[in-house]
Each structure stands twice: as C-alpha cells, then as structure tokens.
Amino acid sequence: MTQPFYVTTPIYYVNDVPHLGHAYTTIVADALARCHQMMGDDVRYLTGTDEHGQKIAEVAAKRGVTPQQHCDEVAPRFLDTWRELGLGFGDAAAAHGFRRDFIRTTEPRHTAVVRKLWEAIRARRPDDLYLATYQGWYCVGCEAFYTESQLKAGATAGEWLCTTHEKPVAWVDKETSYFFKLSAYAEPLLAHIEAHPEFIQPEQYRNEVVSFLKGGLKDLSVSRTSFTWGIPVPDDPAHPGEAARHVMYVWFDALTNYLSNLGDPFASPPTPAVATYWPSVVHVIGKDILRFHAVYWPAFLLAAGLPLPRTVLCHGWWSIGGRKISKSIPATRVYPTILAGDLAGASSVPATGVDALRYFLLRETPLGNDGDLIYEGLIERYNADLANDLGNLINRSLTMLVRFGGGGVGARDEARAATGPHAALATVAAAAIKDAQAAFTAFAPSRGLEAVWRLVREANTYIAATEPWTLAKDPAKKPELDHVLHTLAAALWWTRLAIAPVLPATALALDGWLGAGVAEKDARWPDAAAFGRDVPALTPTASTPLFPRIDAARTAELIGKWLPPEPTAAVAAPVEAAAAAPAPVAPLAPTIAYEDFAKIDLRVGLVIAAEPVPKAKKLLKLTVDLGEARHRTIVAGIAEAFTAAALPGQRVLVVANLAPRELRGVTSEGMILAAGDDAILALGTITAAAPPGTRVK
Ligand code: MSP
C-alpha cells in the first residue's frame with residue numbers, strides 16, 4: 001500500500017554558500033527520498049533557506065545591502081548547488097518521481113503560517129507566551145541563548161566561547177522579550193519519547209535528549225526587540241502596542257518551515273498536504289541542531305495542539321584534519337561541487353562524480369557518527385568500490401552480453417538456476433536486497449550500501465566462476481551460456497535498482513546501456529524472492545568508462561589541489577568577498593634588490609605541537625621542526641583562525657633567520673607566514689611533503 005514519506009533537510013542560513021557539511025544533510029535526505037520512492041511510497045522532499053535573524057541582518061549590514069537584497073542574492077546559490085548535485089526541482093523533480101519543494105522563510109506562504117502558530121499557542125495556552133526581561137549569553141552563529149555551563153571559558157577573563165563556533169558569545173543585557181513556557185514541556189516530551197522510540201534516531205541522540213530533558217527546562221525567549229529583521233509578533237491584546245516592537249526568535253520562525261510549505265495546519269477542513277504528509281515527516285538534521293528539533297519544535301507543536309513529527313534523524317559532523325567543516329574556519333571549507341567535478345575526471349558520464357561523492361559520504365561513516373574527511377580514503381574507496389567492483393562489473397557484464405548474447409540476454413534455465421554458482425549468486429543477491437532494504441528503511445545507508453556491494457562482488461565472482469568466454473567456444477554449451485548471460489543480466493538489473501538511491505546517475509547510465517526503458521520514476525525496488533525472474537526486456541549495448549581508476553599520479557595531483565582546502569576564488573568566494581567590507585588591496589612596498597630578498601632565510605617547518613598563549617587571545621605557541629638539532633618555539637598570531645589541535649603535522653613556511661623576540665613572556669625564534677588577518681587567515685604552506693628545514697626560494 002502506498003504510504004506517505006515526507007523528508008526534510010534543515011533550512012540553511014544564507015550567510016554562507018553551501019559547503020560539504022550542508023551537502024551531506026541534503027544528500028542523506030535525498031537518498032532516503034529516492035529509496036522510499038522506489039519502495040512505492042508517496043514521497044515529498046523539502047529543503048530551503050533560513051533568512052531572518054540577527055546573523056543575516058549583520059551580514060547584510062556589513063555588505064551595505066538590505067537583508068532582503070542579501071537573501072535574494074544568496075538563496076539562489078543554494079538552489080544552484082543542489083541542482084549541480086543532481087537534486088533538481090520542478091520538472092527535474094518530476095522525473096525523479098516525487099515532489100521537491102524549496103522554501104524561503106521570507107516568503108508570505110511561510111510568514112503567514114508562523115504567525116498562525118504563534119496565535120494558536122496564545123489562544124490555546126495563554127500562559128505559555130508571556131512578557132519578561134531577558135539577559136544572558138547569545139551566540140549569533142547558532143542564533144541561540146546559552147548558560148555559562150553550556151559554554152567554555154575564553155582566553156581572557158569573563159569571556160565565554162560557543163562550543164560549536166569556538167567564538168566569543170555576546171551578552172544580551174536586559175531585553176524585553178516574549179517567553180515561551182518551555183519548562184512545562186519536559187515531562188510531556190519525555191513521555192512522548194518513551195512511547196515513540198522512533199522519534200529520535202539514532203539511539204545515542206535519543207539518550208542525549210532524554211538526559212537534557214531530565215535536567216529540567218528553562219523558559220525560552222522567543223522574541224527580540226534589538227533588531228527588526230524577522231517576522232513581527234502578532235498583536236497582543238493583553239499588552240496593546242507592545243507586540244509591534246518585537247520580531248520572533250528566528251528558530252520559532254525557521255522550524256515552522258516544515259509545516260508552512262504544506263499549507264495552513266490549522267485550516268478546517270484540514271489542508272490535504274498537511275493531512276497526508278505531516279504524520280510521516282522525518283527531519284534530517286546535524287547534531288548541532290538537535291535540541292531545537294527534538295525539544296523546542298515539539299514543545300511549540302504541543303502548545304499549539306499539533307501532532308509531533310514522526311522522526312528526528314540526527315547525523316554527526318564531517319571534519320577535516322580534526323576540525324568541523326564550517327564557514328567560520330576558512331581552512332576547513334570543502335566545496336562539494338569541486339570534489340564532484342574532480343571525481344568525475346575522465347568519466348564518460350560526468351554526473352557520476354556526484355555519485356562518487358554521495359557514495360563516499362553515505363558509505364564511509366554510519367549515519368549518526370562523525371566522519372573525518374581523509375582525501376586518500378576517499379580515493380581509495382573510489383578505486384576499490386567504484387572503479388574496481390562496480391565499474392568492472394558493469395563493463396565486463398555488458399561486454400559479454402553484447403559479445404555472446406546476440407543483442408539479447410540469453411534465457412533462464414530453471415533447473416540450472418538451482419545449482420552451483422547460479423544458486424550461490426541468487427542466494428547472495430536475495431539476502432543483499434533484503435538486507436539493503438531493511439538497512440535503508442532503518443536509516444542506515446552505510447549498512448545498506450555494504451549489503452548492495454555483496455551483490456556486486458558476488459556477481460563479479462560469478463563471472464570468474466562461470467567463464468562465459470570459455471562456454472562461448474563450445475556450441476554444446478550454448479544453453480549453459482544462455483543461462484549465465486541471463487543470470488548476469490539479472491544481477492546487473494538488480495544492481496541498477498539497488499544503487500539508484502545513492503548513485504542515481506550511474507543507475508541511469510546503466511539503464512541506458514541495458515536498454516531497459518524504465519523511466520526513473522517507475523523503477524521499483526526488487527522483490528527479494530524474484531531474482532532472475534524479474535528481468536525486463538533488455539537490449540544491451542557496450543558501456544563507456546564510468547569510474548576510471550585514479551592512479552597514483554592523479555591522486556597526488558587531486559590531493560595537492562584539494563589541500564589546503566581553501567576554495568578557489570571563482571567558486572566559493574562571492575558571498576565571502578561581498579560579505580567582507582571591500583578592503584582595498586594594500587599598496588605594494590618599494591622594490592627591493594634580489595640581494596635584499598636573499599637575506600631572508602625561508603624554510604619549511606613541521607609543526608610538532610601547538611598550545612594557546614595564556615591571556616593572549618590571538619597567539620599560539622608552536623613547537624616547530626626546522627630539521628635542526630633542537631625544535632624551535634615560534635609564537636604566531638593565528639589563534640582566531642586555527643585551534644591548537646589543528647596544527648600539529650602541518651607544514652608551514654618559516655622566516656628562520658629573524659632575530660628572536662619576546663611575545664607575552666615567550667621567546668619566539670622565527671615567524672610563520674600567513675595571509676589575511678585575524679579569523680580569515682590562511683597559512684603559507686607547501687603542497688608536497690618537503691622535509692623540515694628545506695630552503696624556500
Ligand atoms: N538554519 C539552521 C537550521 C534551521 S532548520 C529549521 C542551521 N543552518 S546551517 O546552515 O548552519 O546548518 C544546516 C545544517 O548543516 C545542519 O544540519 C548542520 O548540522 C549541517 N552542517 C553544517 N556543517 C556540518 C558539518 N561539518 N558536517 C555535517 N553537517 C554539518 O543550522
């Protein structure tokens with residue numbers, strides 16, 4: 001029976017262009033959507049942009065444009081990136097067989113529903129929204145209030161840092177605000193979680209929320225008066241004139257996008273899209289926004305008398321070199337379209353670059369865990385699983401079908417199917433399809449792909465065991481050859497179906513070569529009991545290279561390009577460049593003679609250790625190997641851009657003959673080269689592993 005399946009991504013802040021972390025959430029949700037579509041569900045997919053709040057107002061002000069102008073410029077970048085990554089909207093979505101929506105929180109269809117939600121809470125539970133004075137810490141990056149116990153101490157006295165952004169939080173001093181009585185909802189939420197084990201997944205996050213709730217909840221400030229970029233609070237008859245000063249807290253506004261795109265949740269009779277899809281919703285989110293989705297959002301819904309989402313599905317963070325990929329740390333910015341383009345390399349089907357990236361992200365780390373992006377690992381997996389296992393299977397099978405099948409796919413022989421390698425393949429294939437389905441629907445795509453690859457590998461083994469090229473030499477073996485070819489076609493057909501949720505472009509290419517003629521929207525997950533009996537009419541043709549092997553030279557070239565992972569100016573910088581006040585390029589210093597330059601002894605240094613310098617917010621003390629008998633101590637003003645933990649192992653460029661100098665009580669024996677200042681700093685480095693002490697000229 002057709003079941004609705006509604007999956008959402010978080011809506012992204014438009015202070016950034018999409019990086020790999022954003023792409024991960026979006027791809028996970030897309031793979032789940034495609035999977036459920038193939039399993040016959042009525043699927044709906046939602047993503048969008050989060051456009052109100054202090055953070056966006058500040059970015060726009062810095063750029064000298066209105067917040068609305070800023071949002072209108074940046075929101076399309078998200079749409080463009082998703083399109084480039086094969087997540088089309090409109091007609092393209094129709095081809096995928098399900099509806100994709102993109103919502104912006106500045107759209108009237110959204111703001112109207114947010115105001116209705118506020119009014120519904122006030123009407124149902126008048127005491128749940130009350131006026132009071134707020135004071136406390138606020139992280140503009142998270143758009144969240146924090147208590148000191150949720151922060152960590154900064155380098156200077158009285159300074160507190162947000163643990164996600166590692167940046168100082170701001171003190172909000174006595175601002176009048178509407179509060180939401182969150183404290184009343186700890187018990188109802190605990191009861192809901194207890195009764196609905198599927199509500200927060202995976203389990204480690206359910207436990208986290210349960211212990212957070214057991215600690216009790218404080219009421220939440222849900223409006224602001226110190227800026228105006230938000231949805232105005234609806235008139236408050238109890239306090240005439242007051243509401244006009246307030247805009248809603250951006251999370252109250254943003255979370256409501258999940259409902260507003262469906263229509264009015266309070267309409268009578270119910271809005272059909274709300275009635276159909278809302279009960280099935282799965283919110284895919286990153287762990288940094290768990291509290292908002294698993295505590296605040298359901299509390300707002302309970303207060304308004306609306307049903308809670310079915311599942312909040314939480315994933316971990318991708319990091320690089322141990323640091324979370326994020327906009328605020330320039331050296332961690334990794335751009336999915338660049339990686340996908342490079343992975344496509346010499347493939348005859350460029351869209352398989354995106355597939356390779358999707359495959360790596362979903363296969364490498366079980367959903368819920370953190371993952372460290374190691375480029376060597378990405379290429380190893382590409383070579384082993386895609387170039388070798390999958391690429392070879394497609395290429396070899398199609399070659400044999402074309403060469404020995406005479407334009408068809410042979411014929412199945414029931415008696416033979418129950419014997420030897422034929423039966424072995426059928427058994428593995430059936431188990432793989434069953435396990436993959438169970439894993440995908442249990443939100444475990446890594447396990448699902450691992451199961452699919454059991455089918456892929458067994459099909460390769462089958463070719464080696466049956467040797468169709470040997471059978472083809474003996475006319476008496478024609479019936480056996482026919483059966484082998486048919487079985488191979490069956491395995492390829494299942495492979496085409498089973499890879500489709502994660503590798504949609506590859507599935508389509510395979511579809512074309514098989515001549516299956518099944519529209520993407522009509523492809524259905526196979527019935528595990530039907531192996532060999534569900535092969536559609538096929539007219540195989542030879543394939544062209546899909547996942548060409550990445551050899552050692554190309555690996556070095558790619559990693560050299562990707563590391564350090566700063567974006568190239570053309571791809572990633574536009575928002576950045578615009579967001580930073582357009583700084584004039586500093587005038588050049590007077591020309592010097594070569595002899596002057598030659599006086600500077602530049603060396604490659606290997607950072608051995610790094611630690612903060614007490615009471616100096618910008619300084620790190622580095623221990624650097626310059627190939628000398630003794631390591632040097634170098635003090636560098638890079639602490640706002642790099643954490644100490646990120647530096648050991650990095651090769652830096654050092655001015656090695658600079659006279660020692662005392663900085664905050666530490667003698668610095670050299671200087672490391674860096675570009676930019678404060679938080680937007682890039683280290684001078686080298687792409688090859690030159691030994692410490694190598695002269696730089
Ligand atoms: N606007 C809010 C969400 C509102 S939803 C009602 C927001 N936006 S965000 O742009 O900062 O982040 C969106 C998503 O990207 C989050 O799920 C976050 O976890 C994810 N990621 C951002 N960086 C990430 C990694 N480095 N790794 C994995 N996902 C990460 O939060």
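For ligands, and for the atoms within them, numbers begin at 1 and follow the listed sequence.
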Strictly under 6.0 Å, is that where the ring centroids of [X] and [Y] end up?
| X | Y | value |
| --- | --- | --- |
| Tyr178 | Tyr134 | no |
| Tyr146 | Trp137 | no |
| Tyr249 | Phe145 | yes |

Protein residues having a heavy atom less than 4.0 Å from any atom of ligand 1: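 Ligand 1 is contacted, at a heavy-atom distance under 4.0 Å, by Pro10, Ile11, Tyr12, Tyr13, His19, Gly21, His22, Thr25, Asp50, Trp251, Ala254, Leu255, Asn257, Tyr258, Ile285, Gly286, Asp288, Ile289, His293, His315, Gly316, Trp317, Trp318, Lys324, Ile325.
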
What class does the angle between the rings of Tyr375 and Trp562 fall in, given that below 30° is parallel, 30 to 60° is tilted and above 60° is perpendicular?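 Tilted, since the angle between the ring planes falls between 30° and 60°.
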
Is any side-chain heavy atom of Val312 closer than 4.5 Å to one of Val282?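 The answer is no; the side chains never approach within 4.5 Å.
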
Test log, rule salt bridge (Lys or Arg N to Asp or Glu O under 4.0 Å), inputs Arg358 and Asp30: CA-CA 10 Å; Arg358 291 168 63 103; Asp30 175 75; 2.7 Å; yes

